[in-house]
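To start, I am sharing the structure in question, which I have written as structure tokens.
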Amino acid sequence: MPLGPSSSAVHLQPLPSSSAPANRPPSSVTIHPAALFSILDHYLRRTDTQERVIGTLLGLRSENDDSVDVRGSFAVLHSETDEQVAVDMEYHRAMYELNQRISPKEVIVGWYSTGSNLNTYSALIQNFYSQETAPYPAIHIALNTGTVAGEQPGVKAYISSPVGVYPKAENAVFVPIPVDLRFNDAERSGIRLLGTPSDPVPTTDLSLLESTLESVLAMLDRVLAYVQAVVAGDKPGDAAIGRYLMDAFGAGTEELEKGGFASSLQDTLMMSYLANLVRAQAEVSARLALVTAQ
Amino acid sequence: MATSMAAALAASLPAPQAAPTPAAPTHDVIPASMSKVIDIEAEIPVTSVQLDGLVVSKIIKHSSDSASHTAHGLLLGLDLDGTLEISGSFPLPHNSGDEDDRSSKTTGRYQASVLRSLKEVRADDSVVGFYQSTTMGAFFSHTLVDTQAIHQDKLRHGGIVIVHDVSQTTRGNASFRAFRLSREFLNAYRKNSFSARSLISNKLTFSSLLEEVPLKIRTNPLLSAFIETLTEPHRSTLPQAHPSETFSAAVPPLYSTSLDLGNAALTKNLEHVIETMDSYKTEEGNLAYHARQIAREKARAESYVAKRKEENASRVAQGLAPLPEEDISRLFKIPPEPSRLESLLLLGQVDAYAKTLEGTSSTTLVKMYAAKASSEI
């Protein structure tokens, strides 16, 4: 799942070596919506003079495979001029300590910036964050907001490695690594909610079911149109798609037919009846409390 | 713990910002169209709540991270012309220990320092309410009511509480609701009396404790553009890619879990209902015990008074001076009427659980018949 315009970059996977597992650079990054959205919010709150904003990424490192899960982020003050770059380290430390009290498992994994140009200052900031995340290497996430004409919005992740005969702080090569958006069920429905802001919220279970069924119907229509086109010979058939379709429509409902339906139906009906009964009783009880003492 | 958290919030909240500022010279600066909208005295009542996309994702994250306990946090924002715009939030640490005083103090300190830090990066730093996560729709609790009652006094417009239902959201229906305390409840709360008489005079039932405020979600243009890009499918750059990989998007279309036929959620929901019923019954037992106690004491007091009157009558008849009528309230301690708040809240919880159960079971019914119909084709 690409997070942005496709690139021709080839992601080099370092061979798993048993020599120094702690310092091995991560091979992939996953990012959660909350982190992404706070970066966007921070970008909106920048001052006129700021070209880009930076901040700290918090997340978890997985023990077995070399992936980093970015779960949150916070803004950090910084200033860039022609001569120098300054990052408010005290602020960064204070915010990290505050965050530790909420979610002690999340640690500093790297930093983000908006815009996609990497320059000397990027290398300097990367150097600073590498000290923060030591002994693990820091990751850098560049989020292009797409507000500059001609640029596509997207997210890129980098790790850095020193370059040159004598390693210097301002010299680094940024190696791109794959980045994915990751969400659990709850976050996914949050995105669904944000993707359709015109809908009135909150929706009920039934209306959710309705919209889901409608989307399934639309999918069936599309599949039907495709199959008819293939049968009529307008489109070349694809064996792989045919097999997928067969798997999908061949799904059995034997369990329902084996008499499980009736008993399950009874259970559910009973549940519904019970729920109504409880609600009626609760209402009556609340009303009676208002009457008795008079 | 409930009161301690409330106390901590009270201690650390900024003083009400409704203090009238000497606004006379600035009148001509404000354009005519805006002067109606800006209310320094907080006179325009809040009629709707607008929740920013960032807050939605932050609350979801915090709530799903802290599955074992309820998540609390503060909401930041501003109100403009009757709409409370919530544009930021931050989580509050979960106090597990019982050291009430210490933990409430540290919560207060934590809150102050987060607000200071947010101000530094130009984020919103005015507290407008708090959020709470819940499961299966049952959000009535002492903590919620106490905290909100304190906010009602401290904050502009009394503050708003946003309730987020984790179990609903996991099933694909992100549920956010905004509430504030009703006037009737506040009347009773201020007098600190939840006796039967006070409930009657305020017409309080569990459904009139809180009043719901309409809520809408807003995503700023940058965010919605970004989401749009994420949901847009990309054609794979590889030639002859596998059909399942030809098109891919960062956010694939939602194949909702709402078509799931399983009813594991129902069982758990039913358990919750029964559990709450049990505690409600215990609470009712307590109340009944108290009521009996009161009745007994009252009867004793009355019989004492009657006896004294009889005695006096006979003494008068005999020509003796009557005995003084003593103050019975000093002789008999009639216990105060117990608070019915707890039972009210429990009843509200029972109702909320049952409502969720009702909704889920009716959807399950619809799904079952749908599956049956489709299996017969």
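Note: hydrogens, waters and symmetry copies are ignored here, and every other heavy atom, side chains too, is used. Throughout, a chain's letter reflects where its sequence line sits, starting with A, and its residues are numbered from 1.
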Problem - Engaged part of A/Ile39 at the chain B interface, taking heavy atoms whose separation is under 4.5 Å - result: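 For A/Ile39, neither part sits under 4.5 Å from chain B.
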
Exercise for the section: Considering only NZ, NE, NH1 and NH2 on the basic side and carboxylate oxygens on the acidic side, decide whether A/Glu106 and B/Lys61 come within less than 4.0 Å. Expected result: yes

Problem - Contacting moiety of B/Thr356, where chain A heavy atoms sit under 4.5 Å - result: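 No part of B/Thr356 comes within 4.5 Å of chain A.
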
Exercise for the section: Count the heavy-atom pairs under 4.5 Å between each of A/Val76, A/Val53, A/Leu44 and chain B, then report the option with the highest count. Expected result: A/Leu44

Practice task
Mind ranking B/Val350, B/Val56, B/Leu222 by heavy-atom pairs under 4.5 Å with chain A and telling me who comes out on top?
Solution key: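 Highest number of heavy-atom pairs under 4.5 Å: B/Leu222.
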
Fill in the blank from the handout: In terms of heavy-atom contacts, A/Ala34 and B/Ser57 come closest through CA-OG, 3.7 Å

Handout entry: Max heavy-atom pair count under 4.5 Å with chain A, selected residue of B/Val273, B/Leu357, B/Leu344, B/Thr360
Key = B/Leu357

Fill in the blank from the handout: Against chain B, residues from residues 91-99 of chain A with at least one heavy atom under 4.5 Å, in numeric order, are A/Tyr91, A/Met95, A/Leu98

Fill in the blank from the handout: Looking only at A/Glu283, A/His32, A/His42, the option with the highest number of non-hydrogen pairs under 4.5 Å against chain B is A/Glu283

Problem - Distance in Å, B/Thr364 OG1 paired with A/Leu269 CG, rounded so as to fall on 0.5 Å steps - result: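 If we round to the nearest 0.5 Å, B/Thr364:OG1 and A/Leu269:CG are 10.5 Å apart.
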
Exercise for the section: Find out whether B/Met277 and A/Val278 are in side-chain contact, i.e. whether some heavy atom of one side chain is under 4.5 Å from a heavy atom of the other. Expected result: yes

Exercise for the section: Work out which heavy atom in A/Ser285 is nearest to a heavy atom in B/Leu347; give both atom names and the distance. Expected result: OG-CD2, 3.6 Å

Practice task
Using non-hydrogen atoms and a 4.5 Å limit, figure out which bit of A/Leu274 sits close to chain B: side chain, backbone, both or neither.
Solution key: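 Side chain only.
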
Exercise for the section: Grab the two heavy atoms, one from A/Phe37 and one from B/Gly53, that are nearest each other, plus how far apart they are. Expected result: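 So the two residues come closest at CD1-O, 4.3 Å.
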
Practice task
May I ask you to test the B/Pro91-A/Arg101 pair for a side-chain heavy-atom distance under 4.5 Å?
Solution key: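 The answer is no, as the side chains (C-beta and beyond) never meet within the 4.5 Å cut-off.
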
Exercise for the section: Answer with side chain, backbone, both or neither: which region of B/Leu270 has an atom nearer than 4.5 Å to a non-hydrogen atom of chain A? Expected result: side chain

Exercise for the section: For residues A/Ile102 and B/Phe90, determine if any side-chain heavy atom of one lies less than 4.5 Å from a side-chain heavy atom of the other. Expected result: no

Handout entry: Short side-chain donor-acceptor distance under 3.5 Å, A/Tyr273 and B/Ser361
Key =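 Note: B/Ser361 and A/Tyr273 side chains miss the donor-acceptor criterion.
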
Exercise for the section: Mind checking the CG-CD spacing from A/Leu277 to B/Glu358? Nearest 0.5 Å is all I need. Expected result: 11.0 Å

Handout entry: Proximal component of B/Tyr280, with respect to chain A [non-hydrogen, under 4.5 Å]
Key = side chain

Problem - Note, A/Leu265 side chain near B/Leu365 side chain (heavy atom, < 4.5 Å) - result: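 Yes, at least one pair of side-chain atoms sits under 4.5 Å.
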
Problem - Least distance between heavy atoms, B/Ala354 atom then A/Arg279 atom - result: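 Of all heavy-atom pairs spanning B/Ala354 and A/Arg279, the closest is CB-CG, 3.4 Å.
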
